[in-house]
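The block underneath contains the structure these notes are about, expressed in structure tokens.
We name chains A, B, ... by the order of the sequence lines, and we start the count at 1 in each one.
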2 protein chains.
Amino acid sequence: MLDAKISVAVIKRLPKYYRYLELIGDKGIIRVSSQELSKITGLTASQIRQDLNHFGAFGQQGYGYNVEELKIELEKIMGVDKPYNVVIIGFGNIGSALLNYSGFKKKGFKVVGIFDNSPEIIGNKANDVVIKDVSELEEVVTREKVDIAILAIPAIPAQEITDKLVACGIKGIWNFAPIDLKLPRNVVLENVHLDGSLLTLTYYMNSLKDYPGVR
Amino acid sequence: MLDAKISVAVIKRLPKYYRYLELIGDKGIIRVSSQELSKITGLTASQIRQDLNHFGAFGQQGYGYNVEELKIELEKIMGVDKPYNVVIIGFGNIGSALLNYSGFKKKGFKVVGIFDNSPEIIGNKANDVVIKDVSELEEVVTREKVDIAILAIPAIPAQEITDKLVACGIKGIWNFAPIDLKLPRNVVLENVHLDGSLLTLTYYMNSLKDYPGVR
DNA sequence: TAGATTGTTAATCGATTAACAATC
DNA sequence: TAGATTGTTAATCGATTAACAATC
């Protein structure tokens with residue numbers, strides 16, 4: 001089943017599997033069955049096996065899955081077995097939070113550029129990276145072969161900057177601006193729409209009857 | 001159809017509808033059809049009508065929907081027609097980013113407390129709110145009748161703090177810690193798992209064939 | 001070998017899309 | 001009224017769950 005198209009729902013569960021595997025791996029646990037994973041993740045054992053089998057047969061009948069092995073497979077599947085060059089665009093609150101985001105440091109994400117349009121902070125250094133004017137964005141993205149751009153800017157300039165990034169060959173955009181960006185199909189977009197998340201929270205606080213519990 | 005259980009997928013689309021209604025409302029557009037909404041949101045007209053009809057019949061045959069009216073209805077549905085008292089727990093990068101999060105200011109979210117465990121910042125003020133030691137959390141949450149707690153702390157202490165919040169009658173938790181919190185069913189949890197989002201991005205950057213395009 | 005647990009197919013369930021009668 | 005567009009039912013599509021043969 002390595003060829004069929006894999007749905008977003010499956011992909012969104014992979015980081016969860018990975019997180020729990022790290023957790024039990026750190027406890028020194030060597031093997032785990034889909035049933036045990038089911039218990040700790042809250043997903044069904046059937047779904048876990050089904051999900052993993054989209055990518056290969058990583059388990060062994062009568063045994064289960066080797067924790068370290070499966071972790072490494074998931075890293076490969078999720079593409080975090082290799083390094084990425086990253087730029088942060090917009091160095092307000094969110095941008096600076098992301099610079100120090102611990103998720104970056106563990107894995108191979110390297111922030112090679114920070115951009116803003118405020119004269120007050122341009123020229124400053126943050127984590128040894130000089131904050132540059134957005135006008136220098138294209139030069140840096142091209143020269144440093146940047147893979148991922150983080151958009152931590154308001155909605156208004158986001159599409160224009162995105163278009164420039166695309167022209168410079170960016171491969172992925174992690175977008176924190178509250179806007180749906182238009183992109184060619186070969187550039188991957190992942191949105192973090194905080195407004196949507198917060199409104200989902202308030203919805204369920206007022207409509208507990210629909211609340212499905214922790215997802 | 002006002003009574004059937006409404007799925008998460010529907011709820012997650014409401015903020016999107018709301019955002020586009022604000023957008024066209026600001027342009028002075030008075031009425032909009034599901035077909036027009038379809039064009040700008042990228043969802044099908046059928047789905048839009050279906051979604052809205054879970055909550056009531058807001059449109060009018062032959063006319064469409066009144067933009068302002070629908071906006072107000074969505075505000076009621078999503079529960080942002082009323083104020084919320086909020087505390088921020090953990091005043092590192094993410095916590096301070098959220099304090100200034102513009103989504104709060106537009107709506108009725110009021111930050112009534114900020115907590116941290118670092119002696120260096122306890123006692124400081126941020127946006128006129130004094131940063132307090134986490135030991136004072138329960139007192140403030142109880143006294144100020146806090147509705148929502150934002151967890152911007154590491155995974156390790158998150159469950160313990162959550163248990164305290166629950167004991168003080170918190171109604172909702174907006175969780176930025178990379179952990180699946182255990183909660184009674186009457187306390188609503190909304191997770192922002194940045195690690196999951198980032199790994200989804202890298203997955204699709206490496207498996208473009210599965211990339212469904214902007215979602 | 002016997003027991004356990006996977007990989008995978010089939011059955012069920014739920015969500016999306018299509019169609020159209022109702023009605024403004 | 002005629003045209004447009006909703007609200008809603010029925011059809012389709014896809015994802016989850018159940019079941020079990022394969023096999024370690």
Between atom CG in Asn53(A) and atom C1' in dT9(C), what is the gap in whole Å?
12 Å
Would Glu190(A) and Lys12(A) pass as an ion pair if we require N to O under 4.0 Å?
yes
Please give, in whole Å, the distance from dA15(D) C1' to Ile11(A) CD1?
14 Å
Could you state the atom-to-atom distance from CD1 of Ile6(A) to P of dT16(D) in whole Å?
13 Å
In plain terms, say whether Arg13(A) and Asp51(A) are close enough for a salt bridge, that is, a side-chain N and a carboxylate O under 4.0 Å apart.
yes
To the nearest 10 degrees, what angle separates the axes at the start and end of the helix from dG3(C)-dC24(D) to dC24(C)-dG3(D), five pairs each?
20°
Between Lys39(B) and Glu36(B), is there a salt bridge with N-O shorter than 4.0 Å?
no
Rounded to whole Å, how long is the line connecting atom CD of Gln47(B) with atom C1' of dA10(D)?
17 Å
Taking the basic N atoms (NZ, or NE/NH1/NH2) and the acidic carboxylate oxygens, is any pair closer than 4.0 Å for Lys164(B) and Glu160(B)?
yes
With a 4.0 Å cut-off, would you call Lys76(A) and Glu69(A) a salt bridge?
no
Using whole Å, what does the distance between atom C1' of nucleotide dT6(C) and atom CG of Leu70(A) come to?
13 Å
Is there side-chain contact between Val111(A) and Ile88(A), with at least one heavy-atom pair below 4.5 Å?
yes
Does Arg31(B) make a cation-pi contact with Tyr65(B) (under 6.0 Å, within 45 degrees of the axis)?
no
Rounded interatomic separation in angstrom, taking CD from Gln50(A) and C1' from dA18(D)
11 Å
Side chains of Ile89(A) and Ile150(A): closer than 4.5 Å at any heavy-atom pair?
no
For Phe55(B) and dT8(D), give me the distance from atom CZ to atom P, rounded to whole Å.
14 Å
Within the 4.0 Å limit for protein heavy atoms, which parts of nucleotides 19-24 of chain C are touched? Write it as a string from 5' to 3', B for base, S for sugar-phosphate only, - for none.
BB-BBB
N or O in side chain of Tyr65(A) less than 4.0 angstrom from dG7(C) OP1/OP2:
yes
Atom CG of Leu43(A) to atom P of dA15(D): distance rounded to whole Å?
16 Å
Which residues in residues 28-36 of chain B have at least one heavy atom lying under 4.0 Å from any atom of DNA chain D?
Arg31(B), Ser33(B), Ser34(B)
Would you mind checking if Arg19(A) and Asp180(B) are paired as a salt bridge, meaning a charged N to carboxylate O distance below 4.0 Å?
yes
Using 30° and 60° as the class limits, which term best fits the ring planes of Phe109(A) and Phe104(A): parallel, tilted or perpendicular?
tilted
Presence of salt bridge, Asp210(B) and Lys5(A), under 4.0 angstrom
no
Among the candidates dA15(D), dT16(D), dT17(C), find the nucleotide nearest to the side-chain atoms of Thr44(B).
dT17(C)
